[in-house]
S.K.: 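I'd like to ask you about the structure that follows.
Heavy-atom basis, side chains included; hydrogens, waters and symmetry copies ignored.
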There are 2 protein chains.
Amino acid sequence: MSATDGDIMDKNESADKRETGTLGKLMVLLDIVTHADSPMRFTDILAVAGQPRGTLHRQLGHLTEEGLLEVLADGRYAPGLRLLDLASRSWARNEFRLIAEPHLNALQQLTGETVHLGVLRGASVIYLDKVEGSQPVRMYSQIGNASPIYCTGVGKAALSALPDERLDAIISSVSFQRFTEHTLTPETLRREISDIRHSGNAFDREEHEVGIRCVAAPVYSEDLSFVGGVSVTGPAYRLTFERLEEWALPVRRAAESIMSGMRIGLGPRR
Amino acid sequence: MSATDGDIMDKNESADKRETGTLGKLMVLLDIVTHADSPMRFTDILAVAGQPRGTLHRQLGHLTEEGLLEVLADGRYAPGLRLLDLASRSWARNEFRLIAEPHLNALQQLTGETVHLGVLRGASVIYLDKVEGSQPVRMYSQIGNASPIYCTGVGKAALSALPDERLDAIISSVSFQRFTEHTLTPETLRREISDIRHSGNAFDREEHEVGIRCVAAPVYSEDLSFVGGVSVTGPAYRLTFERLEEWALPVRRAAESIMSGMRIGLGPRR
DNA sequence: CCCGATAGTTCCATTATTCAGAACTCAATT
DNA sequence: AATTGAGTTCTGAATAATGGAACTATCGGG
């Protein structure tokens, strides 16, 4: 901040500083409000946003006017509905999802269990699709959700596709939370990744939630501009370890089908 | 734009001009890309955005860096995945939806048909929730979608709650597309609205899609800061006109329950 | 009823970002 | 080699964002 330094930091060694000007500041606010677990008052936001009051007031006003935030009757701020509209379009037209869809259905038919499709986004997995058996689905509860990479089948599968440097960068940027007694640590994760690279399958053996297991396989574009995974998930009593092994191959096959679908396209327009 | 006018327009008679500065311009771009039915090249966007190239280039860069847009391998722009994450949080915590949820389930149980919850947003209805029977659900295909007001049960129900001036403003701002032979025109819509106001129920008799009917009832906050509706939808062969009448009351009851739920809260924090 | 406190809004000179146009690079076409 | 089309980078000038302070509204006691 002073005029005398600016020598050590300059090498843009720290590539994590976003350069998105006004938009970036607004997105920080949007994140604050959407990540809160209840609507926030002006003052609550003020406390965490580190902006002067006048500025914050105008920024929130703009976000609200655009429908990205909503002001409740009591003046508190909540995420706005415009986000839903934007997201539903984003989802409906997502190329990867469209290509994967039939393969997910086939995999669901074959296994009878829930099938997931997810992509790596930063240091999380975002679920893009979910095909369940016959129970009514609460879908938004899963799709679009950002979940940890180190304790989901899709997450680990995705990681396994990355070159070591990107892998390391991600692992070191994440704080590992212990969800169950089986949740991995950075070290055990690294070991597992190398297993996955050999076998082609990732497993989640109750690492995120007790009683839930899954088999996954990586899906990635040739240039690794994106990596993700497909998985079959179910209750531990049905997904015995033998079952997991049994479905490892079909899951891999589905992943391969999706990848070959991507190469052919929807691709270079028409 | 010249210095000599700026006299007639000043009375902000035209209140539709947004004042959201930089954000507004960026949201226009985001809308262009999300509304397109395939990814757009730089030049395509340039043609419709009416911005100088340099400017557009930076704006798209910012949107991309924030994950609101995505650049495909071939350089085209598509909606970004960050939208999904934001939307899923917005949905999960939506107060109205949370309050309505149990009533929607009850209504589904009672009727055995698909139940919808939607809110009015500008001149469209956005679906907030959907409870289906036992078929697997493709949920994003509906939730979050902005649909026309004049040919959906929820839309017409919502309209009926509005005072005439707002109703007129909306009706005159919409262009009526004829989806089926039963789709309403502005005039027939007005007549229907007054029926709905008397009976408390809106019907959709194959006005949007042939073979699909629905009964709906309005849900609104006391100050009309938001209006929406609940509906029961199903195939015409099951939803005979008698059935529609039979379910009119339960739907109204559900709407009332939701409204009384809103008055009590989740409301003034805790 | 008044006081003090807390919450939210408005104003405006200063400053930082964005703007617009032109010049430039790169690749594909002829 | 020359031309066109697509995308990127650069610049002073224009515009919008900033932040501090003054202002208003609302609430809870005493």
S.K.: Do other residues, nucleotides or ligands put more than 12 heavy atoms under 6.0 Å from the CZ atom of A:F226?
M.R.: yes
S.K.: Between B:Q51 and B:L56, which heavy-atom pair has the shortest distance, and what is it?
M.R.: CB-CB, 4.2 Å
S.K.: Check whether any side-chain nitrogen or oxygen of A:H57 sits under 4.0 Å from OP1 or OP2 of C:dT9, and answer yes or no.
M.R.: yes
S.K.: Give B:T55 one of three labels, base, sugar-phosphate or nothing, depending on what nucleic acid heavy atoms sit under 4.0 Å from its own.
M.R.: base
S.K.: Without decimals, in angstroms, what is the distance between A:L60 CG and D:dT18 C1'?
M.R.: 15 Å
S.K.: Hey, does the side-chain of B:R53 have a donor or acceptor N/O within less than 3.5 Å of a partner on the base of D:dG7?
M.R.: yes
S.K.: Using a strict cut-off of less than 4.0 Å between a Lys/Arg side-chain nitrogen and an Asp/Glu carboxylate oxygen, indicate whether A:R121 and B:E70 qualify as a salt bridge.
M.R.: yes
S.K.: Round to a whole Å and report the spacing from NZ of B:K25 to P of C:dT18.
M.R.: 10 Å
S.K.: Is any side-chain N or O of A:R41 closer than 4.0 Å to OP1 or OP2 of C:dG8?
M.R.: no
S.K.: For A:Q59 and D:dT18, is the shortest distance between a side-chain N/O and OP1 or OP2 below 4.0 Å?
M.R.: yes
S.K.: Check the distance between D:dA6's P and B:Y77's OH and give it to me in whole angstrom.
M.R.: 14 Å
S.K.: To the nearest Å, give me how far apart CD (A:E65) and P (D:dA17) are.
M.R.: 12 Å
S.K.: May I have the distance from B:L46 (atom CG) to D:dG5 (atom C1'), rounded to whole angstrom?
M.R.: 12 Å
S.K.: Is there a side-chain contact between B:F176 and B:I171 in this structure, where contact means two heavy atoms from C-beta onward sitting under 4.5 Å apart?
M.R.: yes
S.K.: Taking the axis from the first five pairs and the axis from the last five, what angle separates them in the helix from C:dC1-D:dG30 to C:dT30-D:dA1, rounded to 10 degrees?
M.R.: 30°
S.K.: Do A:R93 and B:T34 touch side chain to side chain, with heavy atoms closer than 4.5 Å?
M.R.: no
S.K.: Return the value, rounded to whole Å, for the distance between atom CG of B:L56 and atom P of D:dA6.
M.R.: 14 Å
S.K.: Do B:R252 and B:E256 meet the salt-bridge criterion of a basic N to acidic O distance under 4.0 Å?
M.R.: no
S.K.: Distance check: side-chain N/O of B:T22 vs OP1/OP2 of D:dA17, anything under 4.0 Å?
M.R.: yes
S.K.: What is the distance, to the nearest angstrom, from the CD1 atom on B:I45 to the P atom on D:dT8?
M.R.: 11 Å
S.K.: Between B:T43 and D:dG7, is there a side-chain N or O to OP1/OP2 distance below 4.0 Å?
M.R.: yes
S.K.: Given atom CZ of A:R58 and atom P of D:dA21, what is their separation to the nearest angstrom?
M.R.: 18 Å
S.K.: Is it true that A:E66 and B:T20 share a donor-acceptor pair across their side chains at a distance under 3.5 Å?
M.R.: yes
S.K.: Between B:H62 and A:F42, name the one whose nearest nucleotide on DNA chain C is closer to the 5' end.
M.R.: A:F42
